[in-house]
Amino acid sequence: MLHLNAHSFLQSAYQYLAGVLPETPLQKWDFRQDINMLKVFRHGDFPRWSYVLNEVQHVATHWEAQGPIALFGENPLSPEEEESFIRQLQELHPWRKGPYELFGVKVETEWRSDMKWSRIYPHLSPLNDRMVLDVGSGNGFYGWHMIKAGARQVLGVDPFLLFVLQWALIAKMIPLADRFRNVVLPFGVEAIPKNCMAFDTVFSMGVLYHRRDTKQHLSELLGFLRDGGEVVLETLILEGDDKRCLYPPNRYAKMRNVWAIPTIPLLKQWMYGVGFQNVRTVDVTRTTVQEQRRTDWMTFESLSDFLDPEDAQKTIEGHPAPVRAVLLANR
Ligand SMILES: C[S@@+](CC[C@H](N)C(=O)[O-])C[C@H]1O[C@@H](n2cnc3c(N)ncnc32)[C@H](O)[C@@H]1O
């Protein structure tokens with residue numbers, strides 16, 4: 001019975017989004033029907049996760065996106081309120097993308113995603129009034145930054161239900177005026193209508209190397225963009241000026257699902273090959289243990305466990321350690 005509330009919260013978000021889409025080329029997309037078909041909310045942990053969504057009643061009076069996403073209430077939480085709030089948030093462990101500061105509670109996520117955002121944001125075409133797609137959005141952390149940067153609507157998609165519920169919890173606490181301007185749907189990229197040309201900016205960050213068919217992913221991203229629109233592609237790369245690609249035979253940094261890590265010249269060739277124009281690299285950064293680490297909010301293994309203990313330039317399997325690049329391009 002209780003988790004009906006979480007359901008009705010999600011339904012309000014979907015209703016809001018359904019009101020936005022008719023003004024876009026996605027007007028015929030019945031995403032609610034697609035969600036029903038996927039039966040995503042039958043996940044065994046859904047009742048436990050959605051219970052948290054029902055319990056938490058705090059709503060911010062204002063919020064900020066300067067590094068962490070920070071929510072502020074009229075009054076500070078009492079020690080008892082804070083203790084039970086932390087317990088509720090911890091039910092949604094692991095918190096990977098953030099950080100968040102929620103009514104004084106610092107959610108120190110595995111990733112300092114604010115560091116990635118600060119590397120990308122200065123290079124973006126202004127997001128003002130843009131319709132944005134964030135493929136593999138996780139819990140929607142970047143979407144809140146995009147809203148503060150002026151985006152009209154952000155649509156995130158992520159197939160991992162826990163991250164969708166983390167987004168829902170944050171959204172529930174965001175002031176009503178902004179709450180549904182950043183919506184995360186429980187979909188993989190494959191659920192978005194192909195060649196819809198509906199978005200002004202499309203982000204694909206940390207997704208390409210997880211896709212078995214790299215060129216197909218690039219081609220899908222192109223199809224989501226309107227003419228002249230901008231793609232933001234962030235992915236693992238190999239350093240070097242030549243055209244090479246690592247296809248890890250087994251694991252890469254203990255991950256089973258890493259398919260391709262190209263050099264930048266090869267990645268650019270792939271992007272031009274599917275039809276992107278004006279491809280340019282705006283950032284190359286080695287991932288550090290300052291940016292990705294184990295915390296009280298993500299207690300599983302993290303970067304330091306994935307690197308060779310004797311040589312931090314290598315993964316534990318002997319591959320080059322993670323270096324990530326950001327490329328921008330246009331349709
Ligand atoms: C490495 S994380 C990157 C998260 C975030 N975009 C970032 O850059 O920090 C990859 C994300 O892609 C999601 N993902 C996995 N398969 C996907 C798919 N088929 N379509 C969209 N997202 C997917 C995962 O659940 C995960 O949240």
Side-chain angles (χ1 to χ4, degrees), residues 31 34-35 38 40 43 45 49 67-69 92 94-100 109-121 124 132-146 154-168 170 182-194 199 201-214 216-221 223-224 231-237 251-261 282-283 285 287-288 291-293 297-298 300-303 306 322-328:
F31 67 90
D34 292 354
I35 293 175
L38 284 173
V40 272
H43 189 292
D45 283 318
W49 292 335
I69 297 300
L92 301 188
W95 284 84
R96 292 193 184 274
K97 310 296 168 176
Y100 293 93
T109 47
E110 176 189 18
W111 283 86
R112 287 277 316 274
S113 310
D114 55 321
M115 291 170 73
K116 188 189 284 191
W117 183 248
S118 72
R119 294 194 292 267
I120 292 177
Y121 178 63
L124 299 176
V132 178
L133 175 67
D134 185 5
V135 173
S137 61
N139 65 31
F141 174 83
Y142 302 102
W144 300 116
H145 276 279
M146 295 169 199
V154 179
L155 174 62
V157 292
D158 202 294
F160 198 34
L161 189 58
L162 172 62
F163 301 156
V164 176
L165 287 178
Q166 289 177 350
W167 157 77
I170 302 293
N182 175 31
V183 171
V184 176
L185 297 182
F187 287 145
V189 59
E190 47 289 340
I192 306 165
K194 308 242 174 303
F199 297 93
T201 306
V202 171
F203 289 82
S204 166
M205 303 191 288
V207 176
L208 185 74
Y209 51 86
H210 287 316
R211 302 301 293 160
R212 209 186 277 252
D213 189 337
T214 319
Q216 187 192 347
H217 182 65
L218 294 173
S219 185
E220 280 168 346
L221 299 175
F224 300 147
V231 74
V232 182
L233 182 74
E234 194 260 6
T235 194
L236 290 170
I237 53 106
R251 297 185 181 212
Y252 175 86
K254 295 198 183 173
M255 290 182 280
R256 252 183 246 127
N257 55 352
V258 173
W259 300 99
I261 307 181
V282 298
D283 184 73
T285 298
T287 308
T288 65
E291 185 168 355
Q292 185 190 11
R293 75 280 195 238
W297 296 86
M298 202 302 290
F300 305 145
E301 290 190 317
S302 192
L303 182 63
F306 306 150
V323 176
R324 313 178 75 97
V326 181
L327 284 82
L328 302 188

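In listed order, ligands and their atoms are each counted from 1. Predicted model only: the values in this text are computed from it and were never measured.
- Contacts between W117 and ligand 1, counted as non-hydrogen atom pairs separated by less than 4.0 Å, are absent for every part of the residue.
- The residue F203 has no part lying near ligand 1, judged by heavy-atom distances below 4.0 Å.
- Here is the list of ligand 1 atoms found below 4.0 Å of a heavy atom in F160: 25 (O).
- To the nearest 0.5 angstrom, I69 atom CD1 is 5.0 Å from F141 atom CZ.
- At a heavy-atom cutoff of 4.0 Å, ligand 1 is contacted by the side chain of K97 but not by its backbone.
- Rounded to the nearest 0.5 angstrom, T109 OG1 and Q292 CD are separated by 11.0 Å.
- Checked by atom type and distance alone, the side chain of H210 pairs as donor or acceptor with a backbone atom of N257 at under 3.5 Å.
- Of the polar atoms of G136, at least one N or O is found under 3.5 Å from an N or O of ligand 1, judged by distance alone.
- Counting heavy atoms from C-beta on, the side chains of V326 and L233 never come closer than 4.5 Å.
- Some N or O of Y142 is nearer than 3.5 Å to an N or O of ligand 1, by distance alone.
- In this model, a donor atom of one side chain and an acceptor atom of the other lie less than 3.5 Å apart for N139 and Y100.
- The shortest N/O to N/O separation between D158 and ligand 1 falls below 3.5 Å.
- The closest protein non-hydrogen atom to atom 3 (C) of ligand 1 is M205 O, 3.4 Å.
- Proximity of F141 to ligand 1, defined as any heavy-atom pair under 4.0 Å, is not found for any part of the residue.
- Among S113, G206, G140, the residue whose heavy atom lies nearest to atom 10 (C) of ligand 1 is G206.
- The two atoms that bring L161 and P186 nearest to each other are CD1-CB, 4.5 Å, heavy atoms only.
- Of all protein heavy atoms, the one closest to atom 8 (O) of ligand 1 is K116 NZ, 2.5 Å.
- Remark: distances from the non-hydrogen atoms of F163 to ligand 1 include one below 4.0 Å.
- Closest non-hydrogen pair, L221 versus S204, comes out as CD1-CB, 3.6 Å.
- Atoms of ligand 1 found under 4.0 Å from any heavy atom of Y209, numbered from 1 in the order shown, are 1 (C).
- Nearest-residue assignment for atom 23 (C) of ligand 1 (options S204, A191, P159, G188; heavy-atom criterion): P159.
- When the salt bridge (Lys or Arg N to Asp or Glu O under 4.0 Å) test is applied to D45, the partners found at least two apart in sequence or on another chain are R48.
- Between S137 and ligand 1, no N or O atom pair is found at a separation short of 3.5 Å.
- A salt bridge does not link R324 to E291: none of the charged nitrogens lies less than 4.0 Å from a carboxylate oxygen.
- Close approach of ligand 1 to E190 (heavy-atom distance below 4.0 Å) involves ligand atoms 19 (N).
- The aromatic rings of W117 and H145 are tilted relative to each other, their planes meeting at an angle between 30° and 60°.
- Counting atoms of ligand 1 from 1 in the listed order, those under 4.0 Å from a heavy atom of R211 are 18 (C), 19 (N).
- Ion pairing of K116 with E234 is present here, as a side-chain N (NZ or NE/NH1/NH2) and a carboxylate O approach within less than 4.0 Å.
- Across N139, I120, V189, heavy-atom proximity to atom 21 (C) of ligand 1 is greatest for V189.
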